[in-house]
Number of protein chains: 2
Amino acid sequence: MRIGQLAQLVGVETQTIRFYEKQGLLPPPDRQENGYRIYTEKHGERLAFIRHCRILGLSLAEIHELQSFQDDPHQPCNAINALLDDHISHMRLQITALQALEKQLVSLRASCNNDREVEACGVLAGISEGSLHHQ
Amino acid sequence: MRIGQLAQLVGVETQTIRFYEKQGLLPPPDRQENGYRIYTEKHGERLAFIRHCRILGLSLAEIHELQSFQDDPHQPCNAINALLDDHISHMRLQITALQALEKQLVSLRASCNNDREVEACGVLAGISEGSLHHQ
DNA sequence: TATTGACCTTGTAGTGACTTTATGGTTTTT
DNA sequence: AAAAACCATAAAGTCACTACAAGGTCAATA
């Protein structure tokens, strides 16, 4: 199939496919006489794998690492688990940080609920205050 | 004070300060005869405000908007509140999404706890499976 | 037959918020 | 006097694309 069909099948834009190829995530397919790329099912599977990893929040570098395991399935899988564990703990940190920030923002927001002038509003002052207690 | 001192005071790198100046977030300071920037306390406060906004997750564009209120404090403050409300609801969405992803990753990770070969590990297969049920 | 439209090609630039690198001038310390 | 630390500017790199420009190819229509 050609690049447009593959794109539609997997739900990606054609540029993204070419981009993955240039990044070395998708093997360069054969070409027709006119230069058009022709893809096989294997390419589709590989592309779907990439997309799902991205949806899970993995970086292209991490995906690259996972692919090296796909390509050589007789390695021990500890490294895969380590990669996922890393990613999970990283995500947990991120979630915790976001929740803390949300709390701060909500309490900041609570410092003004009325129609006032900026001068009397308290929100900007609240931001400035906080900024000096950091680190 | 000079740029390095300001940087140390606020906990930023000097390049970041010059970057904020170029972006119009920090007013261009006076210069010494040799061209070195000289900063006042006002710059320090402004820079601290920017940093704290960044730590709260506000974009430079949002900070720019807030600064226009700082610079003209006799406007009504509804717009500030609206900006914060927007940002808070955006953050809540982000947190929910991250939590869902974490759950997926954890269950994926649970598909292999042992030392196996990649082939028998199940994690990569789990990623591939999931990828086709999306959209 | 000419041309329109949909598809394909390549390469380059833009996004956000910086960070890094290159190149060179100035000041301070040894 | 020389080395280290600081300052300046400008340009390129980061990440994961997205958008754009300029053109080649192909099938269907006027």
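Proteins come first, then strands; the chains are lettered A, B, ... in the order of their sequence lines, and each starts at number 1.
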Rounded distance in Å - [atom1] ([X]) to [atom2] ([N]):
| X | N | atom1 | atom2 | answer |
| --- | --- | --- | --- | --- |
| Q23(B) | dA10(D) | CD | P | 14 Å |
| E13(B) | dC7(D) | CD | C1' | 15 Å |
| E21(A) | dA16(D) | CD | P | 18 Å |
| E62(B) | dG16(C) | CD | C1' | 12 Å |
| K22(B) | dG16(C) | NZ | P | 15 Å |
| Q32(B) | dC6(D) | CD | C1' | 11 Å |
| H64(B) | dA17(C) | NE2 | C1' | 15 Å |
| I38(B) | dA8(D) | CD1 | P | 11 Å |

Could you work out which one of [options] sits closest to the side chain of [X]?
| X | options | answer |
| --- | --- | --- |
| T16(B) | dC17(D), dC18(C), dC7(D) | dC18(C) |
| I3(A) | dA17(C), dC8(C), dC17(D) | dC8(C) |
| R2(B) | dT9(C), dT27(C), dA8(D) | dT27(C) |
| F19(A) | dT18(D), dC18(C), dT21(C) | dT18(D) |
| R31(A) | dT19(C), dC17(D), dT9(C) | dT9(C) |
| R37(A) | dC18(C), dA8(D), dT10(C) | dT10(C) |

Quick check on dC17(D): is either OP1 or OP2 less than 4.0 Å from any side-chain nitrogen or oxygen of R51(A)? yes

For residues 13-20 of chain A, dump all side-chain donor-acceptor pairs below 3.5 Å to protein atoms at least two apart in sequence or in another chain.
from	atom 1	to	atom 2	distance (Å)
Y20(A)	OH	R51(A)	NH1	2.7

Identify whether any heavy atom of R18(A) sits under 4.0 Å from a base atom; if not, whether one sits that close to sugar-phosphate; answer base, sugar-phosphate or nothing. base

Checking side-chain hydrogen bond (donor to acceptor under 3.5 Å, both in side chains) against E102(B), which of Q94(A), R92(A), H87(A) comes through? R92(A)

Does a donor on one side chain sit under 3.5 Å from an acceptor on the other, for R46(A) and Q70(A)? no

Is there a path from I38(A) to V12(A) through hydrophobic residues (I, L, V, M, F, W, Y) whose side chains come within less than 4.5 Å of each other? no

DNA chain C: 5'-proximal contact among Q5(A) and L58(B) (nearest heavy atom): Q5(A)

Side chain to side chain, Q75(A) and F69(A), heavy atoms closer than 4.5 Å: yes

Hey, which of these two, Y20(A) or N34(A), hits DNA chain D nearer its 5' end, going by closest nucleotide? Y20(A)

Select from S59(A) and Y36(B) the residue whose nearest nucleotide in DNA chain D is closer to the 5' end of that strand. Y36(B)

